[in-house]
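Atoms considered below: every heavy atom in the structure, side chains included; atoms not considered: hydrogens, waters and symmetry mates. Since this is a predicted model, take the numbers as computed values, not measurements. Each chain gets a letter, A, B and so on, in the order its sequence line appears, and its residues count up from 1.
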Amino acid sequence: MEHLTLVDGNSVMFRAYYATAYPGAVLMQTSQGVYTNAVFAFVNMMDKILEQTNGHILVAFDTAHPTKRHEKYQEYKAGRAAMPEELAQQIPLVKKYLDKAGIKQHEQIGYEADDIIGTLAKEASQNNIKVDVYSSDRDLLQLVDQNITVHLLKKGMKELDHYTPESLYEKYELTHHQMIDLKALMGDPSDNIPGIPGVGEKTAIKLLKEYETIENLYVHQDEIKGKMGEKIRENKELAYLSKDLVTINVESPLPFSYLETEKIKIETSDLIDFFKELELKQLVVRMANQNQNTLFKDEEKSDKKTDKSFSYDLILNDEKLNDIIFNHQEPMSIHFEFSEPNYHKAELWGIGLSNGENTYFIDPSIALNNQTFLNYLKNKEIEKYTFDYKAIKVFLMWHKKAIHTISFDMLLAAYLIKSSIGKEDFTTITSLFSSIDISYEEQIYGKGAKKGLPENKELYYEHIAKKASVIYKLKDDLLETLKDQNQLELLQKVEIPLSEVLASMEFSGLLVDNKELLNQKEVLEKRINVLEESIYKEAGETFNISSPKQLGDILFEKLNLSQGKKTKTGYSTNVEVLEKLKDEHPIIPYIMEYRQLAKLYSTYIIGISQSIFSDNKVHTIFNQALTTTGRLSSIEPNLQNIPIRTEEGRKIRKIFVAEKNHYLLGADYSQIELRVLADIANVKHLKESFLNNEDIHKSTAQKVFHVTDVTSEQRRQAKAVNFGIIYGIGAWSLAEDIHVSPKEAQMFIDRYLEIYPEIKQYMQDTVEFATENGYVKTLMNRRRYIPEINSKVFMQKEFGKRNAMNAPIQGSAADIIKVAMVDLFKYLEENDKKSKIILQVHDELILEVPEEELEEMKELVPAIMKKAVKLTVSLETSCDVGKNWYELK
DNA sequence: GCGATCAGCGCG
DNA sequence: GTGCGTGCTGATCGC
């Protein structure tokens, strides 16, 4: 043995936690709500440290028990803020990780991690063994010697500072022996070590350079003049006590020696299983890859990877497929595996089929040309179960094939049970509802540019087949849960039928006017070029205007404009900051215009061009199982954020047009969220206003400001409050929004809640419900879990409250329009109408309508939307038609 | 050359 | 510390 690594476990864990728990951060959690951010960062840190070791390593921890230091000084570490609950929960997990990784760990009652590390380090050093210590606690610098290097983690954990006797002297001009005295003189507020009052780092270093040690300082105490001298003489006791407290005990009675620190050989699969449990996908994949490399030597072990308890049959030809389908004219689960998430253009990699007892992998090129199989898919009498039905449906539509009668979709069911699964994959969702072990996609197919079918075909045959079997196996459990939670109707009457609607919308697509697109592209290019020139001229040099960093340098260093707030990485240059600088320099208006046009150009003109298919249409994908509130989202391209608020941006809408002899028809709910609020909170005055068809912001302003004639400014402010209320408002941010002082903003809110007292009551009740049950629900029993609401971290808890207040409102509005879509689609289908729903933008629907159906649809669409759900307030809708999207005002 | 992250900004 | 839910872009940085 020639090298030893010692890690201050508590200190590294703290850093690991706070590196990922900066204010406003959403902490990493498993789908069950177990916090894992600190474990993840800790493991990453340990991986880096392990690369530097050759086998001997120990991680030391503090215990909760008092130490010798507490006996000597009751106030030791007093006043230290309690460890956040989110971190405390992860300590046992980190310890478990160390066990699984074969890394020795130690904690000892009466001693701190420092003492354990100090004792082992000195012991090893005396035997001429090189020691590396890792911590973020500067106290450990006193251990530095010829053999011991101390590595201090800096903020964010990306960098380490290394301290040897030489570098220590360079930085402090003190020897490592003097580090104890330095700390003793300065004190340390975080450990509540007093030090000498009035002595900080500067003075302490000066004193130690002159007198070397505290002991010698007091031999010469009378030589020191002035106030400083007095203080030093007065606080002799404190200085010695402090020195005693900060001195690491390098002779702690440990039950083992530095020699017994060898890393134990481990079963990698155990560690992988542990990471899987915690859903730390990155770590699972990393370990699996490392493992693969070592497995080449060991063939036996690689057999262990294939699951013995799972078996499936391969179907690679028509005869066998005919046979199988003939024998299984019964409900089965079907899984289509695609080469990429965009199923409009994806290849089909394989099909899984299962009836619970038998599971099959079907060659995709066989399946799509086999009439028996295709007949099975479109047989309306036989139920099928899927995971992401819409993907299969749309894929088959592109191939002119049909599929019918889906009675269960695992993705939608899981989403209704727990809407936070939105961003998770099949594997994670599976592990949330069962203990079935199934590989991550990345393990099978790789990731990013390297994604593809593995050479070992059985690997993906099994994977795809297994997915089908999982769908079948989990079906009854999930349906049972939905039934218990009163959500069966939401699945069967809303979400699954909605899948059909969305599939049709996506497949229909939205036609693009190429001439208009090109025209706008050229106009924008010219204007952007002119603006660039003006900006360079004003700045006196060329630079990248799109780089906030470079722009910040120009504005705040070169032109010396008054800077507003800062971001994590530098000056903020966002629109709010620019707005304030508008009159300070002529360059600012140019930059603001440049920003606007550059956004339109890159995101909408160029971005959308890239998503146009060969039919000259864009085919978006609506994600039906993503948002935590129940809304849809739209990607590739996102058609839910096409500009409208400025005239400049709104022109983009001209590029989206109706097909020949068709019109676009847009119908939107007016104030749907406020109406939902009025209904579920039973807000008397709000309901009356809606009943009387009043301008809701105006009537709010009349009541808040006690006036009959409302100024436009008053209406604007009332509108901001109305919106704010829906989001779970705070006075501070409302103040920002409507440019008044926080105090005035608070007055507005108070007045508002006096006028609509039921809202206040509703908000209280909702937060209370969420605190007790851990979730909130919508009109149609959609749930959103809000674990943060019971957090001890203030910010997290407040965030939870706002979510609790907002989710039922936003979610109920989402429920309503979903029902309307299903109703409308059904009507169009049953009555053989040619009109098609093509877009949904949260509170509006857009249809493509043939000329001959136009008058009918103008009546019908709003009518169906209005009566989708019966509330105690009416739902009002407006309706417009035009040849392109721009004309729908 | 790729992936992750940040700042910024578009929508309801 | 400070109003909800989204997706996409270009710049930047680390590997």
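On a pure distance criterion of 3.5 Å, no polar donor-acceptor pair joins the side chain of A:Asn806 and the base of C:dG5.
Heavy atoms of A:Gly724 sit under 4.0 angstrom from at least one base atom. Among the protein residues, A:Lys447 comes within range of the sugar-phosphate backbone only, with heavy atoms under 4.0 Å from sugar or phosphate atoms but none that close to a base. Contacts of A:Ala804 with the nucleic acid, taken as non-hydrogen atoms under 4.0 Å apart, are absent.
Listed pair A:Thr646 / B:dG10 fails the phosphate criterion, with no side-chain N or O lying under 4.0 Å from OP1 or OP2. Proximity of A:Thr567 to the phosphate of B:dC6: no side-chain N or O atom is located under 4.0 Å from OP1 or OP2.
Considering OG1 of A:Thr766 and NZ of A:Lys801, their distance stands at 13.0 Å, rounded to 0.5 Å. Distance NZ/A:Lys418 to CZ/A:Arg783: 12.0 Å, rounded to 0.5 Å.
The distance from atom CD of A:Glu636 to atom P of C:dT6 is 18 Å, rounded to the nearest whole Å. One atom, CG of A:Leu632, and another, P of B:dG12, lie 15 Å apart when rounded to the nearest Å.
Side-chain contact between A:Leu875 and A:Ile672 is present, with heavy atoms from C-beta onward closer than 4.5 Å.
Judged by distance alone, the side chains of A:Tyr445 and A:Ser339 never bring a donor and an acceptor atom under 3.5 Å apart.
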